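Written out below as structure tokens is the structure these notes cover.
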2 protein chains.
Amino acid sequence: MEIRQHLSQVDLFKGLTVEELEAIARIVSNKEYKKGQLIFSEGDEGVGFYLVISGRVKVYKLSPEGKEQIMHIFGPGQPFAEVPVFEGSRYPANAETMDNCKLFFFPKKDFVSLILENPSLAMNMLASLSQRLKQFSNLIETLSLKEVPGRLASYLLYLSDKNGSIDEFKLDIAKSQLASLLGTIPETLSRIFTKMGNRDLIRTNGPQITILDRTGLEDLAEGETKL
Amino acid sequence: MEIRQHLSQVDLFKGLTVEELEAIARIVSNKEYKKGQLIFSEGDEGVGFYLVISGRVKVYKLSPEGKEQIMHIFGPGQPFAEVPVFEGSRYPANAETMDNCKLFFFPKKDFVSLILENPSLAMNMLASLSQRLKQFSNLIETLSLKEVPGRLASYLLYLSDKNGSIDEFKLDIAKSQLASLLGTIPETLSRIFTKMGNRDLIRTNGPQITILDRTGLEDLAEGETKL
DNA sequence: CGCTGCGTTGAGCTTCTTCAACGATCGTGG
DNA sequence: CCACGATCGTTGAAGAAGCTCAACGCAGCG
């Protein structure tokens, strides 16, 4: 069955037996969303969680004035919106697709039953939440202790790493979305890109980035240098 | 036995049988720390997690220039430093006591064994991590989408609620620590306290706070007003 | 009694945002 | 196929928010 194929490739379900995977597959429902579609809003009743099969999903908060802070961007293989499954009942943020997406949906009640019968699954879920917690710590640190140039430098180095530590790569999201992820606005981000170019730290061509001075970027990311 | 007494009153272990509590009690070790003592540093090997019995513990990150961002303050009954038990092996932040503290320590290996045999315990831990995740989302939102006056207003309202929605209460932490929790510095915080006083939103006398205009504070917290 | 840590206040400055305008790109419909 | 509108990104000028540095008062404690 196709669902089980997908599940078996996901970290959350690694190490599980075929029978366990089948049990999980039985509770899954398939969902499709168009690009830019709202999946749920902050405060909505949390009836279950999701797994990204294809496309990307952003989870974000909005200020009353409409400023957006992206908390996390989820890609294929990643679960999101688990919080209301285990604590409280409402989603603490908004979720929206960034591409056309295929998602699996896991109803809260059914999934909790599975967890209670399956300690490995529980451990996997604990690992997943712990990882998220670590990522959130990093975001908090970044937002509160680094200036925007440092945040951007960190992000570029992270992207480079993800691409095998190569010096040339493409931004995986639009710059305006990157601004929101870094806790700033497009104008500010754009100015910093320009400055980084002037200092010969990077070269940009649209979404294409070339790292010219890796050490310089690292110093920026660590707050040892200013632009 | 005294350890089990403590455990039975803690959310993390609620709903467990006496036998289960005893099994947990067997792996606990008792620790005492003086006020201001470092419990662990970011990057240290995470050999287990802690439960606060008495006193308070702050978990925080430091910037290279020495600025501190408090991630969370833990009081009696709350577990902390669970992340490296389930994901990775190092503490992602620093922990330090704010008072003389009694802590329980749960060794990673032993505790994982218990989790694997005890689905209720696993569920409780999932709930605990989920709650933390929610709190972190809030902190991210606060740091990124609110200005400092709004953050302070939120905190004061939160404190008031914690004290039974009463209008007069004492700050539970030093103002310099509050600054660090709100992602700012003591000077800025002090100026905002003064302004709030001038606008007759609150009256302060050292750590004693009186809320004069609850609605005004709420507007500030929601970003609908400026100071 | 003096020391130390905490809180407050002032002046100046840096960083970031706001507001406005404009160029480029892309997809769509005429 | 071209034209148009929408979205995105960039740039400039001005202003706001918060930070740095410095000085000082005050309380608690050795």
Side-chain angles (χ1 to χ4, degrees), chain A residues 34-36 58 63-70 96 98-100 142-153 170-199 202-209 220 223 225-227, chain B residues 34-36 58 63-70 96 98-99 142-153 170-198 202-209 220 223 225-227:
Chain A
K34 298 233 174 71
K35 175 173 176 169
K58 71 174 171 185
S63 77
E65 305 88 41
K67 191 186 168 192
E68 170 190 280
Q69 172 67 47
I70 296 180
E96 188 181 315
M98 304 178 77
D99 312 293
N100 291 334
T142 280
L143 289 173
S144 152
L145 300 176
K146 290 182 184 172
E147 298 176 347
V148 184
R151 298 179 211 166
L152 176 55
K170 263 191 154 181
L171 287 180
D172 53 352
I173 53 176
K175 287 183 182 173
S176 63
Q177 293 295 287
L178 179 54
S180 167
L181 188 60
L182 299 180
T184 186
I185 57 177
E187 292 96 320
T188 299
L189 186 66
S190 175
R191 291 180 228 277
I192 292 170
F193 265 123
T194 305
K195 273 197 191 176
M196 282 186 173
N198 292 340
R199 300 291 154 84
I202 60 174
R203 199 150 36 76
T204 67
N205 180 16
Q208 189 74 25
I209 308 285
L220 249 186
T225 311
K226 303 238 167 186
L227 263 187
Chain B
K34 297 232 175 71
K35 175 174 177 168
K58 70 174 173 186
S63 77
E65 305 88 40
K67 191 187 168 191
E68 171 190 281
Q69 172 66 48
I70 297 180
E96 188 181 314
M98 304 177 76
D99 311 291
T142 282
L143 289 173
S144 153
L145 300 178
K146 290 182 186 171
E147 297 176 346
V148 184
R151 298 179 210 165
L152 177 55
K170 262 192 153 180
L171 288 179
D172 53 352
I173 53 176
K175 288 183 180 173
S176 62
Q177 293 296 285
L178 179 55
S180 167
L181 187 61
L182 298 181
T184 185
I185 58 175
E187 291 96 321
T188 298
L189 185 65
S190 175
R191 291 181 228 275
I192 291 170
F193 265 123
T194 304
K195 273 196 190 177
M196 283 186 172
N198 292 340
I202 60 173
R203 199 151 34 77
T204 66
N205 180 16
Q208 189 75 23
I209 309 285
L220 249 186
T225 312
K226 303 238 168 186
L227 261 188

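All values reported here derive from a predicted model rather than from experimental measurement. No hydrogens, no waters, no symmetry mates; every other heavy atom, side chains included, goes into these values.
In this structure, Thr194(A) reaches the dT11(D) phosphate: one of its side-chain N or O atoms is under 4.0 Å from OP1 or OP2. Neither OP1 nor OP2 of dG18(D) sits under 4.0 Å from any side-chain N or O of Thr188(B). Note on Lys226(A): every side-chain N or O is 4.0 Å or more away from OP1 and OP2 of dT14(C). Put simply, Lys175(A) has a side-chain N or O that comes within less than 4.0 Å of OP1 or OP2 on dT10(D).
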Open item on the list: Could you walk me through whether Leu143(B) and Arg151(B) satisfy the side-chain contact (heavy atoms from CB on, under 4.5 Å) test, starting with their C-alpha distance in whole Å, then the side-chain angles of each, then the deciding distance to 0.1 Å, before giving a yes or no?
Closed with: CA-CA 8 Å; Leu143(B) 289 173; Arg151(B) 298 179 210 165; 3.9 Å; yes
- [ ] Could you walk me through whether Thr188(B) and Leu182(B) pass side-chain contact (heavy atoms from CB on, under 4.5 Å), step by step?
- [x] CA-CA 11 Å; Thr188(B) 298; Leu182(B) 298 181; over 6 Å; no
- [ ] Decide side-chain contact (heavy atoms from CB on, under 4.5 Å) for Leu227(A) and Asn198(A); before the verdict, give the C-alpha distance in whole Å, the side-chain angles of both, and the deciding distance to 0.1 Å.
- [x] CA-CA 10 Å; Leu227(A) 263 187; Asn198(A) 292 340; over 6 Å; no
Task: Residue pair Lys58(A), Ile173(A): steps toward the side-chain contact (heavy atoms from CB on, under 4.5 Å) verdict - done: CA-CA 11 Å; Lys58(A) 71 174 171 185; Ile173(A) 53 176; over 6 Å; no
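With the nearest nucleotide of DNA chain D identified for both Gln177(A) and Arg151(B), Gln177(A) has the one nearer the 5' end.
Across dG18(D), dC19(D), dC21(D), the shortest atom-to-atom separation from the side chain of Glu187(B) is found for dC21(D). For Ile185(A), whose side chain is taken as the heavy atoms from C-beta onward, the closest listed nucleotide among dT9(C), dT18(C), dC16(C) is dT18(C). Of all nucleotides listed (dC16(C), dT17(C), dG18(D)), dG18(D) comes nearest to the side chain of Thr184(B).
One interatomic measurement links the two molecules: CD of Glu68(A) to P of dT17(C), which rounds to 14 Å at whole-angstrom precision. Rounded to whole Å, the distance from CG on Leu182(A) to P on dC16(C) is 12 Å. Whole-Å rounding puts the Leu152(B) CG to dA17(D) P distance at 16 Å. A straight line from CZ of Arg191(B) to P of dA17(D) spans 14 Å, rounded to a whole angstrom. Atom CG in Leu143(B) sits about 16 Å away from atom C1' in dC16(C), given to the nearest Å. We find that CD1 of Ile209(B) is positioned 11 Å from P of dG7(C), with the value rounded to whole Å. Distance Lys195(B) NZ to dG10(C) P: 13 Å, rounded to the nearest Å. Atom CD in Glu65(B) sits about 16 Å away from atom P in dT14(C), given to the nearest Å.
In this structure, Ser176(B) reaches the sugar-phosphate backbone alone: every heavy-atom distance under 4.0 Å involves primed, P, OP1 or OP2 atoms, never a base. Looking at heavy-atom distances under 4.0 Å, Pro207(B) makes no contact with the nucleic acid at all.
Listed for the Thr194(A) side chain is a donor-acceptor partner under 3.5 Å among the backbone atoms of Ser190(A). Not one N or O on the side chain of Asp99(A) forms a donor-acceptor pair closer than 3.5 Å with the backbone of Lys35(A). A distance-only check finds a donor-acceptor pair linking the side chain of Ser180(B) to the backbone of Glu68(B) [under 3.5 Å].
In terms of heavy atoms, Ser144(B) sits closest to Gln69(A) at OG-OE1, 2.5 Å. Residues Ala179(B) and Pro186(B) approach most closely at CB-N, 3.6 Å, considering heavy atoms.
Between its opening and closing five pairs, the helix from dC1(C)-dG30(D) to dG30(C)-dC1(D) changes axis direction by 30°, a value rounded to 10 degrees.
To the nearest 0.5 Å, atoms CD (Glu96(B)) and CD1 (Ile70(B)) are separated by 9.0 Å.
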Between protein and nucleic acid, restricted to nucleotides 26-30 of chain D and to nitrogen or oxygen atoms under 3.5 Å apart, what atom pairs and distances do you find?
none

